[in-house]
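Single-structure report; data block below.
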Amino acid sequence: MFAVAIDGPAGAGKSSVAKAAAKELGFLYVDTGAIYRTIALYMLENGIAPTDPAAVEAALPQVKVGLAHTAEGQKMSLNGEDVTSRIRTEEVSAATSAVAAVPAVRAYLLGLQRDLARDNNVLMDGRDIGTVVLPDAQLKVFLTASPEERARRRTAQLAESGQPADYKQILEEIKARDHQDSTRAAAPLKPAPDSVLLDTSGLSFEGSVAALVGLVRERQ
Ligand code: DC
């Protein structure tokens, strides 16, 4: 099996770039952030504070996360119910950052992620895929863009869908999430020493996909 680990900060375009590259390569695209988001949604819906590690850990046995890969992409279920779109709110994003810092949550999800890479050629996207989940991946990519570029893209995306978008506020939120994800004790966001840096700040979407596909083909 061939595994590509893709890590990087929020809003760098990792998911869309990795998804398109996986399609071109015929690999399974695994969005691990969606798995963490599903756990966070459970906590929010059951009145468990995402910032209370002991309460989050105690609730884990009640959380059954399901993943299905369909023609429309990766679908997530929580205790049998489809939550694919419900995990994409800002409220869930904020809760996920806290839940993902709980070591018991990370340990709970490790086996699930490794099993997917054992059975399929994968392009797996997350924060600790190259460093913790798949340390033997054939290719590790740290995909990033400057905070300003990420804030610009997010502002444009929100404006396009008719939602209020304040560039300055979005930039502050991006910086705060970067800080939380990269300074937490459990599996902080950082490039694996043997990763290739792919900075998409000056690249178009198509250019980013081509660069990623090119990196995989070089090693295949
Ligand atoms: O990629 P995303 O924005 O959907 O990730 C949501 C949150 O989950 C983000 O705060 C980082 C965290 N996460 C993580 O800690 N480890 C992963 N492998 C994937 C996501």
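In listed order, ligands and their atoms are each counted from 1. Starting from 1, each residue takes its place in the sequence as its number.
Ion pair R154/E160 not flagged as a salt bridge, since none of the NZ, NE, NH1 or NH2 atoms sits closer than 4.0 Å to an Asp/Glu carboxylate oxygen. Checked for salt-bridge contact, R106 and D128 meet the test: a charged N lies under 4.0 Å from a carboxylate O. Looking at R86 and E91, no side-chain N of the basic residue comes within less than 4.0 Å of a carboxylate O on the acidic one, giving no salt bridge. One finds a salt bridge joining R118 and D115 here, because a Lys/Arg side-chain nitrogen approaches an Asp/Glu carboxylate oxygen to under 4.0 Å. Looking at K140 and D194, a side-chain N of the basic residue comes within less than 4.0 Å of a carboxylate O on the acidic one, giving a salt bridge.
Side chain to side chain, R37 and T84 fail the donor-acceptor criterion of an N or O pair below 3.5 Å. A side-chain donor from one of D181 and S97 sits under 3.5 Å from a side-chain acceptor of the other.
Taking any N or O of S93, backbone or side chain, none lies under 3.5 Å from an N or O belonging to ligand 1. Looking at D125 next to ligand 1, no N or O pair under 3.5 Å apart turns up.
Nearest protein heavy-atom contact of atom 4 (O) of ligand 1 is R37 NE, 2.7 Å. Of the protein's heavy atoms, R106 NH2, 2.9 Å lies nearest to atom 16 (N) of ligand 1. Nearest protein heavy-atom neighbour of atom 20 (C) of ligand 1: G33 CA, 3.6 Å. Closest to atom 19 (C) of ligand 1 among all protein heavy atoms lies T32 OG1, 3.4 Å. The protein atom (non-hydrogen) at minimum distance from atom 9 (C) of ligand 1 is R127 NH2, 3.6 Å.
Only the side chain of R184 comes within 4.0 Å of ligand 1, judged by heavy-atom distances. Within the 4.0 Å heavy-atom criterion, neither part of D31 lies near ligand 1.
Applying the 4.0 Å criterion to heavy atoms of S97 picks out, from ligand 1, the atoms 10 (O). Near G126, meaning under 4.0 Å from one of its heavy atoms, ligand 1 places the atoms 17 (C), 18 (N), 19 (C). Proximity to A100 (heavy-atom distance under 4.0 Å) selects the following atoms of ligand 1: 12 (C), 15 (O).
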Under the salt bridge (charged side-chain N to carboxylate O under 4.0 Å, His left out) rule, what do R152 and E148 come out as? Steps first, then yes or no, please.
-> CA-CA 6 Å; R152 259 195 302 278; E148 291 74 17; over 6 Å; no
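Remark: K19 NZ is loosely packed, at most 12 non-hydrogen atoms of other residues, nucleotides or ligands lying under 6.0 Å away.
Comparing heavy-atom distances from atom 6 (C) of ligand 1 across T96, V92, T131, I87 singles out T96 as nearest.
Put simply, no part of Q180 is less than 4.0 Å from ligand 1, judged by heavy atoms.
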